[in-house]
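The structure displayed is predicted, hence computed values, not measured ones. Indexing begins at 1, ligand by ligand and atom by atom, following the structure's order.
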Amino acid sequence: MDTRLLENIKNLYRRISSAAIRSGRSPFDVKLVAVTKTVISERIMEAIDLGLRIFGENRVQEAKEKISNLKSQINPLPPTFNKGGWGGFELEWHLIGYLQKNKAKTAVQLFDMIQTIDSADIAELINKYAEREGKTQRVLIQVKLSEEETKHGISKEKLMDLIKAVSNMENLKLEGLMTMPQFFDDPEKARPYFIELRELRDKAERLGYKLPELSMGMTNDFEVAILEGATMVRIGRAIFGARR
Ligand SMILES: *Cc1c(COP(=O)(O)O)cnc(C)c1O
């Protein structure tokens, strides 16, 4: 067992809890999505042993290999304990990267939540596959707030139409919004983007949509994100160290 992993997780929970309390909420109101892109299954298994339960991957193929690998390692408990198909481990896998259309079917089969819906087309496709799988797919809409060309997401101008469309899809459960600002050395520079996402959510709620989840904040800026209302933080490096 890697003792650094334990130390990292302890420190992270301390910081998340402290930020949650400073934001006037309970630490239980902020979910930790451990981002495992490029992290090998053995280390993910250690993180599971240390109590992490929600994992985020940004590529469908990479996730598919790891998830089947991990499933084969987790010894099934007797069926009465086996609620989630993970031998009593209630693991959740979230897709946090761009979803190509030709991966939509696999994504529906693999992920408990898809955080990166950014068009009505991809939402319709996911809805179709979810119906075929007999599943209600939990989703978030990814909003593009930064001006960078490379960032995916729906523009704020088109967001309300997409919220309306996704909300009407039978096999999708829209739970909230996600955003990923560009990288800043100074986390304060990310704050306006987090405020903007929260305000967009509040606006949608005034129109009658229920969007409890705000997925925002990464290793370098999660405390600011929590202070601005994040309910999910997506954190890789602060848990697993720098990526190669
Ligand atoms: C990689 C990634 C993260 C985590 O980034 P860290 O800096 O390692 O915490 C969060 N969200 C998305 C969408 C990512 O691709």
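- Ligand-side atoms of ligand 1 in range of I235: 9 (O), range being under 4.0 angstrom from any heavy atom.
- Shortest contact from atom 5 (O) of ligand 1 to any protein heavy atom: M218 CE, 3.3 Å.
- Ligand-side atoms of ligand 1 in range of G236: 4 (C), 6 (P), 8 (O), 9 (O), range being under 4.0 angstrom from any heavy atom.
- Residue, atom and distance of the protein heavy atom nearest to atom 9 (O) of ligand 1 are T219 OG1, 2.5 Å.
- Considering backbone and side-chain atoms alike, R234 places an N or O below 3.5 Å from some N or O of ligand 1.
- Here the options are L211, I163, L200, T179, the test is side chain to side chain contact (heavy atoms under 4.5 Å, CB included), and the partner is I141; only I163 passes.
- Ionic pairing of E196 and K156 is present here: one or more N-O contacts between side-chain nitrogen and carboxylate oxygen are shorter than 4.0 angstrom.
- A salt bridge is defined here as a Lys NZ or Arg NE, NH1 or NH2 lying under 4.0 Å from an Asp or Glu carboxylate O, and E90 with R53 fails to meet this definition.
- The ligand atoms of ligand 1 that sit less than 4.0 angstrom from a heavy atom of I96 are 11 (N), 12 (C), 13 (C), 14 (C).
- Each of the atoms 12 (C), 13 (C) of ligand 1 lies under 4.0 Å from some heavy atom of M180.
- Distance from atom 14 (C) of ligand 1 to its nearest protein heavy atom, with residue and atom name: K37 NZ, 3.0 Å.
- Q142 and T116 form no side-chain donor-acceptor contact under 3.5 Å, judged by distance and modelled atom types alone.
- With F55 as the partner, the side chain to side chain contact (heavy atoms under 4.5 Å, CB included) test is satisfied by one option alone out of I67, I96, T36: T36.
- Near R237, with a cut-off below 4.0 Å to any heavy atom, the atoms of ligand 1 are 6 (P), 7 (O), 8 (O), 9 (O).
- Checking each of E92, E175, E213 against K31 for a salt bridge (Lys or Arg N to Asp or Glu O under 4.0 Å) leaves exactly one that passes, namely E213.
- Between the side chains of N69 and Q73, at least one donor-acceptor pair of N or O atoms lies under 3.5 Å.
- Residue contacts with ligand 1 include R243, since one or more of its heavy atoms lies under 4.0 Å from the ligand.
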